[in-house]
Structures are given as structure tokens and as C-alpha cells.
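Structure first, then comments.
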Amino acid sequence: MREISKQFDFKEREGAIYKLWEESGFFNPDNIESAKRYCNILPPPNANGELHIGHASGYTVMDIFGRFERMNGKKVLLLPGKDHAGIQTQVVFERKLKEERGITRQMLGREKFYQECYDFCINRSDYMRSQEKRIGISADWSREKFTLDPDGLKTALETFVKMYKDGLVYKGHRIINWCSRCGTALSDVEVEHKEREGKLYHIKYPVKDSKEFVVVATTRPETMLGDTAVAVNPKDKRYLGFIGQTLVLPLQNREIPVIADRRIDMEFGTGAVKITPAHDMLDWQIGKDHKLPEIQVIDEKAEITLEGGSYAGLGVSEARAKIITDLAGQGLLEKEEALVNNVSVCERCKTVIEPLVSKQWFVKVDGEKYSLKKKTLELIKSGKVEVYPENFKKILIQWLGNLQDWCISRQIWWGPRFPVWYRGEETYVGLEAPKGDDWIQDENTFDTWFSSGQWPYTTLGYPNGKDYKNFYPTDTMITGRDLLFFWAARMLMLGQYRTGKTPFRNLYFTGLVRDKEGHKFSKSRGNGIDPLEIIEKFGADALRLSLVMDISPGQDSRLFEEKIESFRNFVTKLWNIFRYCEQSDVEFALVEKISKRDLKTLADKWIVSQLEDVVKKVSEHMKDKNISLAQDALRKFTWDSFADWYLEINKMEKNSKVLGYVLDRILKLWHPFTPFVTEEIYGILNSGSNVLMMAKWPKSEKKFIDAKAQTDFSDLQDLVAKIRNMRANYHIDPTELLEGYAKAEIEKEIIGKLARVRIGTGGVKKKMIQVSTRLRTLRLDIAKSIDVAKETASIRKEIANLENLIAKNEGMLKNKKFTAGAPTEVILSAKNRLEEYKEKARVQKELEKNLSRL
RNA sequence: GGACACGUAGCUCAGUUGGUUAGAGCGUUUCCUUGACAUGGAAAAGGUCAGAGGUUCGAGUCCUCUCGCGUCCACCA
């Protein structure tokens, strides 16, 4: 007999097992013969760092479904890749340049910077790939993609050209969100709104040729340098007389009108609002409607421009301080109020966003010829894409409804450049530079999400690639709920537009992984959990289980070591089940098929019946994409039924055929969740002839479902539990062998071993106490240890409880509305239950009587 | 201001067309070195399923309101 260690040596074995899978070739769907297909394009992580626990969580879900589908005989493609992640990578790489070489990107120049950044990403990708493999992802690495790969990129840029021709993109002079630190425009979703303590300044604007003032309230006094009007609500009686008058803008001595606009809230501040069309979203709208001039007083570095007169060159916050001082000096600052207001910050670097008017490229989301917005709404509402959890559908629909044009140009260097060329007044849009000299290419690069939003079909070689034809639309997209708008919505929009089809049929969201206190993992907080460290310490299988067990889609979860540890313990359990089986028989082997004749004892019938039940449940839960319920059912069966009961009984009633059969099936059922340990066990027992990864997913065999065995065995369990319970209640030494007597035939050996009772030798004694279940009766010689009053009380309590239940069920069954309205199954089960309670009550009453004789 | 979640055992969470006496893991208490496993086993304690109404034969599950916590959206200057 071979020597098998007490625990699965995951550290030693995981690498080799992964290699075995890779060498089998079955990560590549081309090597699988099947007409059925399953495809999941894996979300590409940013190629600038390393894997974090969020990636691990998503990948685990993807791999579980991938392995499940593969075992169900499908050609499975999990297509991995990496994202160039424009702004974020540029930030990371610039920091690296500064730290390591003390240089800026300007010192390198655009081309060199791009090349070095590219190499950096490729390098990081290699590292990240090795991390992904550690988690056990069964992805086809031969198809791995990068968002800047020439073929896919070409497709993505073609989309832009097509959109240009369709009038769905335009270059416009509009107000946009500007991050002065990243030096680029941002789309609306890249801006976060944070509540901050601020101040509301009340500033007096003198009326021209008058001693009167209009007092405006603002949180951003520095923008007053660019004011071109003051607006009030036309219904606001306080200001009726001022509408149409001219004010003198303090500090600038510029004359500006008082205008009326319905969008002004009379309740807020003073009801009079300074209008700065160049630096505020609403003001820009109002400025457009009232044809007000735009005066840019803040530049791209968040400094005051020459238009700002004496404040020119100051940073925004310095300017604010100086302006407040100056206004106070002139007696124009009426008061300051504390105020909590929303500040817009850059999603990447948290720098305060400056709204600026700028010339940028936009996607028209609601064009006349084609409306991305409406088509996507139709797609979602039609149910061509299923969303998990379902309520995220509503969020998507609401978001799409409010969608504004999408700014897609970025002023960074890292990323694909716009396929647009200019010569004088001419503009050319196309994949290649036009012929002729003097054409200058647009400086802008694309929003990362413009290319990753096309990921499902650029990776498959749209429009003519074989993979595209075979695998598109893909089956499932699994992504973090934080990417709902950034990515998921854009994939739907662009996929539907470009290919005319939904990019995926199922959209599954994972929640965020948080720490034990519910905080987000973050570098600054220092609470990160490194997936690789966890794998080192507890193994990849334990990590996988802890990331998906007891978790529902879209819902955040918490991860901490004690939790992972308990799943590591489960892996050990699985391993020891195998160890027991191995040692139970010198010729122990896995068994693929058994017949009814192989089921010799009640325990055999029971465990196989339970197993078939679990196969059915797990398969159904997996089809419903309910990983958690699948695992729950499996774990209960494996640990409670198989290990704690069947194995114990099997020690007395050997049946290695049943053992081999059950083990074979649970290895298969567990494989998607814990691929490493199951593959290892399978390999040892199967002499490595096949990989478990390609084994067929079990089918539930109805012929083994045996309701009678289930009830009978659970009655036996009840009896054992009762005896154990008595021992514990009366502090009877657990090692003490009790004398017992049974009139009818009973599982002497099992009860003897599990409850430590020697049955049948001494015959019935007067002082024996009766222990009964519905189907079994036993007399035990523990009467002298029993506290009759205590025992009677507890029995009476149970009788009362049962009578309650009997009354409840009888009432139910007498109720005509119930018998008329409830489904037959429910009625039937109520009837059965009632009989069961009655029987139990009878048994208890008999016990009570027996007890009274002691 | 609008929307969406969440509130179930001390802690972390399951509970999917409303239908067994509401579950698990961890933790706690008592006991067990029984040759698969102490990363284990047995027994137990612990819940008016946030609160109040309603619908129903029947509600943790559906509806309304309240309270609490959170997230997202929005042009609160």
C-alpha cells in the first residue's frame, strides 16, 4: 500500500497538476470534439501591476462555470487577455520613470515613451499570467490577447471610422471634466462625486450706477473671474427688479447682465447665481441658451489664465484665498457659511476635477440614424441578455436612460491614437494616413473603455475569424459590479452596434471583496490580501472556495483568514475521505457504474440515493448559475452524509464498490470548485490515464433514488442521536459500553459502534429505559443514571411540541381553501408530515409511560 | 432630490415562482488522543428572520410605511 500523507500537499502538487492540464491540450477548444460550445471572454485586467483578490474572485467564478461546461461535453473557450488601461498605466509608468530614472515622459518623447510603456505592459502581462495560472484558470493561453494587438486594435479603430461615417462620433467644443494631474479630459463615468466640507461664500455684486448689490452665493469664488452673468429665477420676487440690469463684476470691473432662468433654485443660497459658462456644467448650458460669452480663466494645469488679470498664474486654491481676502478688503464679502457639497474628483487619482470648455471627440449616444442608447435598451428589455442578479437590469436601464454623449478622447500618450488626420481645414478619418504630405495626425488617444468595450468581438477576430463564427455571441460575461457602467454597458452598446448582436447572452456580476470589517481593500489602508500569499498558505482550492461559497451575485462579500482556513479544512476532509477509501481495500479503485445488486445494506442504499439526489440538485443549481447553493448541497453530502455516517458504517460493512462509486462522483462534482485536489486524487486512483478535467459530469440515476431507504436510515440516525444525546445529558462516560436489548431485529453492529451499546445478550431487565424512534425500539440499561423527573419533563415538552404541529397540520388539511388552492405535492407532504408527527407523539407517550414505571 | 440594495444565531453569510419544526461555517460550552482526518469526532447552547401594518388557508420570502446601514445616479451654484 502506498504512503499517502495526512494532508494534500498543495504546495508541492499544484504546479504539476496545472502543467498536466496544460499539456493535455484541453484548455484549447480545438482539441475537444463536440458540436456544443461555451465561450467566456475573460475580462482583461490592467497590464500594469499584479493580480489582486478581486481578480481572483472573478476568475474563480469564470473557471467554475468553464470547467462545469467542459465536463458537460462542450467545446469550452475561456479567452484570457490584458488591457493597456490608458490613464492608469500612464500614471503607473510615469511614476516608475520618475522613481527609477528620475525622468519625465516629456524627456523621453512620445514615441520612446510609448515603446517603453508597451514593453513594460508586456512584461507585467507575463508576470500576471503566471499568477492567473496559480488560481487554476483553465483558459486557452494560446489565444491570449492584448488590447493593443494589431488585429484587434484594427477592428476597434474601424468601429470608430464606421461611427464617424454614421454620424455617431463628432469633434465638439464642449464643457468636459478635466483632470489637471492626469492632464486629460475624462468621461462622466470617470468622475466620482465625494461629499466634502466646504464653504459657501456670499459675495456682493454691485449694481451699475447704484448703491445696491446683488448677493450671489458660491462655493468656488475663483471662478468669478470668468463670470459673464448673474442668474435668478424668473419667479423670484426678491430679484424681479434686477432682471435686465447690469452688474459690475468685482475684481475684474467687467459689466455683466442679470438674467432670468428657470433652472435656478430659489431656495438655495441667496437665489442669485453667478454664471461662469467656461467652468461649470450648468452654467455652460445656461450660457449656451442665453448666448453668453465664455471666458476661460482656469487652464489645464488648474492655474488662473491671463484672463484672470492680477491672479494669473496662481493655482486654483491660492487664487481662491487671495480673492476672498481681496473681496473682504473691499467690503464685498458678506459672509461665509459652512456647507457640505459634492466635489467631483478623478476616479483614478482623486484630484479635483476642473470643468473646462475644450475641443474633444464625443460618441453621440442618441443619433437620429442609429441610437446606441435605444438599441441597447431594446437589447436589455428584450431579454436577449440575461442579467445576474436580475435587479442590475433596472440599474442599467436607468443609467442608459440618462446617458449623455460620451467623451472618448484623452490627452495622454499611452493608448491608440485617433485615426484622424488634418491638413489645414481638411479632416480625414480612416485607418491609414491619407496620401500626400502635410497631413497631421490627431494627437488624442482613445478612452480605454472604447477599445475594451469591443473586447468580446475584437478578441474573436471579427468579422471573418473562425472563432468569431464559432463562439459569438459568447455565452457568459462575468465582471465586477463596479464595472457595470464603465465596461458592461459599453460592451452591450458597441457590440450591438458593430455586430448587430448581443456580445453575450448572460451577464453575471460579482460583488466586491472586502475585509473583515467591510472595508474595501486598498493600498493606502494596507489591508490588502495577496491572493498568492493565500495560495501559498492555504492552497488554491481553499482560496477558490472561500471566494465563492455563501456568496450571491452582485453582493459584496468579506474575506479573512479564518474563513479561508475553514475551507482549507474542507480540502483536507476531501483528501482524507480519499485516504480512507484507499486504505479500505488493497485493490480499491474508482467505480463508474454500479447496479442495484451492488447495494447490499441499508447504508449502501441510503448513501447512493442521497448521492443521486445531490447530483440532481447540484446540476440544477449550476445551470441556474447558483454556485453557492450547488456547493452547499455538495458540502453537506460530502461531509455530513458520506464522511460522518457512511464511512463510519463502511468500516463495519465493507463495500468498496459503493465507496468507489460515491468517491468517483464526488470528485467529479467537486472538480469545478476545487480542481487541484480532485485532480490529484483522481490521478492517483486512475493511474493518470485521463484527466478529471475532461471526465463526464455525472447524471442523476433515478433508479437509485430510494425514498424508503432514506426514511429508514434517517430513523436509524435518529436513534443513534438519541442515545448519544442521553449519554451527554447524563454524563455517562462515552467509553462505557452500555447494555441494551431489542425485541425486533435491529442494526446491532452499527448502533453498537456509533452509540457504544452492546445489544441483545442480557435480555430485558426491569430497570431498562426505552429509547424509541418511529421505526426502532431499544431498551437501555441506564435507568440508574437517569433523572426521571428531568427526563419526563423533556419528553413532555417534546410531546407538547408535536401536538402543536399536529394541530397545525390538521387545521391546514381541514381548511378547504388550503386543499383547494395548494399544489398536490404540498398537500401530500402535509399529510405525510401529519402521520409522522402522530407516530412520533405516540412513541413519546409510550416512553413517558415507561419512564413512570421506573 | 431620484434610484438600487441590504438589515436572518456572538461574527461572516446562505435561504430563486410564498408551503417540512428557519440553515451553514467560524466562535462558545461539555466531552472524546475510537488505526481517513485534532486542519478531526459527539452532544449542546444560541433566532419574536430590524419594527409596524396589510395581502393569503399559509409570509424570512409578496405589498405599504417606519427605523438603521450602504451604494449608485443627478446641473445643490
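Computed from a prediction, not measured in an experiment: that's the story for all the values here. Labels below follow one simple rule: chain letters A, B, ... track the order of the sequence lines, proteins then strands, and each chain is numbered from 1.
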Exercise. When you check the phosphate oxygens OP1 and OP2 of B/A77, does a side-chain N or O of A/T219 lie under 4.0 Å from one of them?
Worked result: no
For this session: Among B/C4, B/A24, B/C26, find the nucleotide with the atom closest to the side chain of A/E562.
Result: B/C26
For this session: Scan A/R635 against the nucleic acid and name what it touches under 4.0 Å (heavy atoms): base, sugar-phosphate only, or nothing.
Result: sugar-phosphate
Problem set entry | A/E798/A/R796 ion pair, N-O < 4.0 Å | no
Seminar exercise, completed: Here the distance between atom P of B/A14 and atom CG of A/D632, to the nearest Å, is 12 Å
For this session: Please work out if A/K722 contacts a base, only the sugar-phosphate, or nothing of the nucleic acid, heavy-atom cut-off 4.0 Å.
Result: nothing
Problem set entry | A/R514/A/D556 ion pair, N-O < 4.0 Å | yes
Problem set entry | Test salt bridge (Lys or Arg N to Asp or Glu O under 4.0 Å) applied to A/E648 - qualifying residues, sequence neighbours left out | A/K651
Expected rows: protein N/O vs nucleotides 29-33 of chain B N/O, under 3.5 Å:
none

Exercise. How far does NZ of A/K722 sit from CD of A/Q717, to the nearest 0.5 angstrom?
Worked result: 13.5 Å
Every protein N/O lying under 3.5 Å from an N/O of nucleotides 67-75 of chain B:
unit_1	atom_1	unit_2	atom_2	d
B/A74	N6	A/N342	ND2	2.9

For this session: Looking at every strand, decide which applies to A/K808 at a 4.0 Å heavy-atom threshold: base, sugar-phosphate, or nothing.
Result: sugar-phosphate
For this session: Apply salt bridge (Lys or Arg N to Asp or Glu O under 4.0 Å) to A/D289 and list each qualifying residue two or more places apart in sequence or on a separate chain.
Result: A/R263
Exercise. Hey, does A/L647 reach any base, or is it just sugar-phosphate, or nothing, if we go heavy atoms under 4.0 Å?
Worked result: base
Problem set entry | Polar contact flag, side-chain donor to acceptor under 3.5 angstrom, A/Y730-A/E791 | yes
Exercise. Got a salt bridge between A/K516 and A/E562, using NZ or NE/NH1/NH2 to carboxylate O under 4.0 Å?
Worked result: yes
Exercise. Which stems, defined as runs of 3 or more consecutive Watson-Crick or G-U wobble pairs with both pairing distances under 3.5 Å, involve RNA chain B?
Worked result: B:1-4 with B:70-73, B:10-13 with B:23-26, B:28-32 with B:40-44, B:50-54 with B:62-66
For this session: Provide the full list of salt bridge (charged side-chain N to carboxylate O under 4.0 Å, His left out) pairs with a residue in residues 811-833 of chain A, sequence neighbours left out, each pair given once.
Result: none
For this session: Specify the residues of residues 539-548 of chain A, ordered by number, for which at least one heavy atom lies under 4.0 angstrom from an atom of RNA chain B.
Result: none
For this session: Pick the C1' atom in B/G19 and in B/G58, then give their distance to the nearest Å.
Result: 7 Å
For this session: Quick one: sort the A/W670 and A/F570 rings into parallel, tilted or perpendicular, breaks at 30° and 60°.
Result: tilted
Exercise. Is any side-chain N or O of A/K393 closer than 4.0 Å to OP1 or OP2 of B/C4?
Worked result: no
Exercise. When the distance from CD1 of A/I750 to C1' of B/U34 is rounded to whole Å, what number comes out?
Worked result: 17 Å
Exercise. Would one find a side-chain N or O of A/Y837 under 4.0 angstrom from OP1 or OP2 of B/U21?
Worked result: yes
For this session: Using a 4.0 Å heavy-atom cut-off across all strands, classify A/A820 as base, sugar-phosphate, or nothing.
Result: nothing
Seminar exercise, completed: Checking B/C11, B/A36, B/G23 against the side chain of A/K516 (C-beta onward), the nearest is B/C11
Exercise. Can you tell me how far P in B/C37 sits from the matching atom in B/U29, rounded to whole Å?
Worked result: 26 Å
For this session: Can you see which heavy atom on A/A489 is nearest to which on A/L396, and at what distance?
Result: CB-CD2, 3.8 Å
Problem set entry | A/E836/A/R774 ion pair, N-O < 4.0 Å | yes
Write down the protein N/O and nucleotide N/O pairs, taken from nucleotides 40-47 of chain B, whose separation is under 3.5 Å; answer none if there are no such pairs.
unit_1	atom_1	unit_2	atom_2	d
B/G40	OP1	A/N569	ND2	3.1
B/G40	O3'	A/K573	NZ	3.0
B/G41	OP1	A/K573	NZ	3.3
B/G41	OP1	A/W639	NE1	2.3
B/A42	O3'	A/R724	NH1	3.4
B/A43	O3'	A/N725	ND2	3.1
B/A44	OP1	A/N725	ND2	2.4

Exercise. Between atom NZ in A/K394 and atom P in B/A3, what is the gap in whole Å?
Worked result: 11 Å
For this session: Tell me what A/D265 touches on the nucleic acid: a base, only sugar-phosphate, or nothing, going by heavy atoms under 4.0 Å.
Result: base
For this session: Quick one: label A/S552 by what it contacts on the DNA or RNA (base, sugar-phosphate, nothing), any heavy atom closer than 4.0 Å.
Result: sugar-phosphate
For this session: Would you give a per-nucleotide map of nucleotides 55-63 of chain B, 5' to 3', where B means the base has a protein non-hydrogen atom under 4.0 Å away, S means only the sugar-phosphate does, and - means neither?
Result: --B------
Problem set entry | B/A22 to B/C13 separation - C1' atoms, rounded to the nearest Å | 14 Å
For this session: Not counting sequence neighbours, which residues clear salt bridge (Lys or Arg N to Asp or Glu O under 4.0 Å) with A/E839? List them please.
Result: A/R842
Exercise. Hey, are A/K537 and A/E561 close enough for a salt bridge, meaning a charged N less than 4.0 Å from a carboxylate O?
Worked result: yes
For this session: Go through B/A36, B/C4, B/U21 for me and flag the one nearest to the A/I577 side chain.
Result: B/A36
For this session: Using heavy atoms to find the nearest nucleotide of RNA chain B for A/L339 and A/N576 separately, return the residue whose nucleotide is more 5′.
Result: A/N576
For this session: Assess the side chains of A/E190 and A/S187: does a donor N or O sit below 3.5 Å from an acceptor N or O?
Result: yes
Exercise. In whole angstroms, how far is the P atom of B/A77 from the CD1 atom of A/I256?
Worked result: 19 Å
Exercise. Which part of the nucleic acid, if any, lies within contact of A/L484, taking any heavy atom under 4.0 Å across all strands shown: a base, the sugar-phosphate backbone alone, or nothing?
Worked result: nothing
For this session: Indicate yes or no: does A/K194 engage A/E192 in a salt bridge with an N to O separation below 4.0 Å.
Result: yes
Exercise. Which comes earlier along RNA chain B counting from the 5' end, the contact point of A/R833 or that of A/T218, where each point is its nearest nucleotide?
Worked result: A/R833
For this session: Kindly confirm or rule out a cation-pi arrangement of A/R481 over A/W399, judged by NZ or CZ under 6.0 Å from the six-membered ring centre and within 45° of its axis?
Result: no
Exercise. Who passes salt bridge (Lys or Arg N to Asp or Glu O under 4.0 Å) against A/E334, sequence neighbours left out?
Worked result: none
Exercise. Which part of the nucleic acid, if any, lies within reach of A/K636 when heavy atoms closer than 4.0 Å are counted: base, sugar-phosphate only, or nothing?
Worked result: sugar-phosphate
Exercise. How is A/E648 classified with respect to the nucleic acid when contacts are heavy atoms under 4.0 Å: base, sugar-phosphate, or nothing?
Worked result: base
Exercise. Is there a donor N/O on one and an acceptor N/O on the other, under 3.5 Å, for the side chain of A/R558 and the base of B/U12?
Worked result: no
Exercise. Which pair of heavy atoms, one from A/E294 and one from A/A278, lies closest together, and at what distance?
Worked result: CB-CB, 4.3 Å
For this session: Looking at every strand, decide which applies to A/Q285 at a 4.0 Å heavy-atom threshold: base, sugar-phosphate, or nothing.
Result: nothing
Exercise. Among the nucleotides B/U21, B/A14, B/A36, which one has an atom lying closest to any side-chain atom of A/D550?
Worked result: B/A14
Exercise. Would you call A/R220-A/E222 a salt bridge at under 4.0 Å N-O?
Worked result: yes
For this session: Determine which pairs satisfy salt bridge (charged side-chain N to carboxylate O under 4.0 Å, His left out) with at least one residue from residues 633-644 of chain A, sequence neighbours left out, and list them in order.
Result: A/D632-A/R635, A/D632-A/K636
Exercise. What distance do A/R756 atom CZ and A/I732 atom CD1 have between them, rounded to the nearest 0.5 Å?
Worked result: 13.0 Å
